[in-house]
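Sequence lines set the chain letters: A, B, ... in the order given, protein chains first and strands last, and positions in each chain run from 1.
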Protein chains: 2
Amino acid sequence: MAQNRVSARGARRREEIVAVAAELFARGGFRGTGMTEIAELVGITEPGLLYHFRNKEGLLRAVIEWRDHRSQEFARDVASLGGLSTIREMPAFAHRNQEEPGLTRLFAVLLAENLDSGAPAHDFFVRRYREMRDLVAGSILVGQERGEIRPEVDPRLKAVEILATLDGISTQWLLDPASVDLVESIETYARTLERDLARAED
Amino acid sequence: MAQNRVSARGARRREEIVAVAAELFARGGFRGTGMTEIAELVGITEPGLLYHFRNKEGLLRAVIEWRDHRSQEFARDVASLGGLSTIREMPAFAHRNQEEPGLTRLFAVLLAENLDSGAPAHDFFVRRYREMRDLVAGSILVGQERGEIRPEVDPRLKAVEILATLDGISTQWLLDPASVDLVESIETYARTLERDLARAED
DNA sequence: TTTTCCTTACTTAGTTGTTAGTAAGTAATC
DNA sequence: GATTACTTACTAACAACTAAGTAAGGAAAA
């Protein structure tokens, strides 16, 4: 077929399609978005899309992979700091999400759509969250080794909690941005966390 | 039409349908679940469903209302305790969710499907989360008046954070129950919260 | 430099399956 | 004997996807 061939023109077109699809999937979900809708916005016919992507699921995969790269890069950078420094980067993370709500929304919507095992991207999200938890837990462990973080903290449980809170705040913000201030909420949470993790010595 | 008439037989049938629909919406979402699928599982034809419910969205509304009643009852009971007592009821909340994952899953899936304003149940979820935040914030305020909770805590921001964490933990558990222990995670979070909210006096 | 020719990037037209929802008639129930 | 609770038969719209043909681009040959 065609997807394997590397052609500058085609690659550019594919990126264009992926960007549009990401936008629409973020709004309406995978199941709620039709190929026609995507095609129309790209300025192509429906079979034109299917020339570039084997099928709708292939397009979904491309969207996820593309967006995941950027997202994981950032996460890895932040986590590599280790310990409390990682936590202090959380407001930056919030700012980025606020300015680019598409990414945040895309993953929130797709995650829920793929909770069920058997859903097209279920395994991807299982893997992703395991990796993220490992990343955060590792960062906590580093903090404990440095003596910045209380040793009684269970890194794995705290990782679940931190990711949960960040996701949950983002979701409430996406639902009702007039009522929930993303940056303020995450900044406050970061302070809470710092207080929580730091050894009680004052 | 028919929905207004009150007939014992019909009411029972409607409940039956709502229960089945809730189960299927929880697995596959609203958009991912067909009327035929629901009808088949109820043991009725598709137009048979539409006799009881004006259309698919009407069925969704019925499902949400039904499940929301039970859910909010519980939330109200717990919040009425006020202060730290409310937080100490969180493990019970976790146990209930674990034993009845349908409800948890239903709301997680439907919430994400309705993030977009214009989605059929968007307004419902906006209202629901505002109410829940008010409920939790009120409970924190009570705790502060009693002197159980530090006065520096911002009740509204802490309410966002608490709901976020509970939702986020539930979602991770739904996605990957083998990796995330719902009850343990929430119990640990409850302890964290108690430590966080209590005045620092030891 | 122009012609040849293959590959890439599509289009038009159509298929098949499924969707929510309707119209009209019928069986059960009170 | 009317109201309630359906059924069968259908429709119109739309879903993802396929088949087959074509236009444009770029590289190589004449």
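Residue A:Glu131 places its CD atom among more than 12 non-hydrogen atoms of other residues, nucleotides or ligands, all under 6.0 Å distant. Counting non-hydrogen atoms of neighbouring residues, nucleotides and ligands closer than 6.0 angstrom, the CZ atom of A:Arg146 exceeds 12 such neighbours.
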Polar atoms only, N or O, under 3.5 Å: list the protein pairs with nucleotides 22-27 of chain D and their distances.
none

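Distance CZ (A:Arg31) to P (C:dT18): 16 Å, rounded to an integer number of Å. Separating the CG atom of A:Asn55 from the C1' atom of D:dA16 is a distance of 9 Å, rounded to the nearest angstrom. Rounded to whole angstrom, the span from the CZ atom of B:Arg54 across to the P atom of C:dT22 amounts to 10 Å. Spacing between atom CZ of A:Phe53 and atom C1' of C:dA9 amounts to 13 Å, rounded to whole angstrom units. The distance from atom CE of B:Met35 to atom P of D:dA12 is 20 Å, rounded to the nearest whole Å. What separates CZ of B:Phe30 from P of C:dT19 is a distance of 13 Å, to the nearest Å. Atom CD1 of A:Ile38 and atom P of D:dC14 are 16 Å apart (whole Å). Counting to the nearest Å, the P atom of D:dC6 and the CZ atom of B:Arg12 are 11 Å from each other.
Here A:Gly48 lies in heavy-atom contact (under 4.0 Å) with a base.
A:Thr45 has a side-chain polar atom (N or O) that falls below the 4.0 Å cut-off from OP1 or OP2 of C:dT11. Dashed line: the shortest gap from a side-chain N or O of A:Arg13 to OP1 or OP2 of C:dC10 is under 4.0 Å. Between B:Thr36 and C:dT19 there is a side-chain polar atom (N or O) within less than 4.0 angstrom of OP1 or OP2. Close to D:dA5, at under 4.0 Å from its OP1 or OP2, lies no side-chain N or O of B:His52. For A:Tyr51, no side-chain nitrogen or oxygen approaches OP1 or OP2 of C:dC10 to under 4.0 Å.
Side-chain proximity of A:Ile44 to C:dT11, C:dA20, D:dA9: nearest is C:dT11. For A:Lys56, taking side-chain heavy atoms from C-beta onward, the closest of the listed nucleotides D:dT4, D:dT18, D:dC17 is D:dC17. The side chain of B:Arg14 has D:dA5 as its nearest neighbour among D:dC17, D:dA5, C:dC10.
For the pair A:Arg96 and A:Phe74, the cation-pi criterion (under 6.0 Å, within 45° of the ring axis) is fulfilled.
For A:Arg128 and A:Ser71, the side-chain atoms include at least one donor-acceptor pair closer than 3.5 Å.
The distance from the CG atom of B:Leu174 to the CG atom of B:Asp167 is 10.5 Å, given to the nearest 0.5 Å.
Using a cut-off of 4.0 Å between Lys/Arg side-chain N and Asp/Glu carboxylate O, A:Glu15 and A:Arg12 are scored as not salt-bridged. Salt-bridge formation is detected for the pair A:Lys158/A:Glu161: a Lys NZ or Arg NE/NH1/NH2 atom is positioned less than 4.0 Å from an Asp or Glu carboxylate oxygen. Taking the charged nitrogens against the carboxylate oxygens, B:Arg105 and B:Glu23 have no contact shorter than 4.0 Å, which rules out a salt bridge.
Residue order along DNA chain C, read from the 5' end via each residue's closest nucleotide, puts A:Leu49 first among A:Leu49 and B:Glu46.
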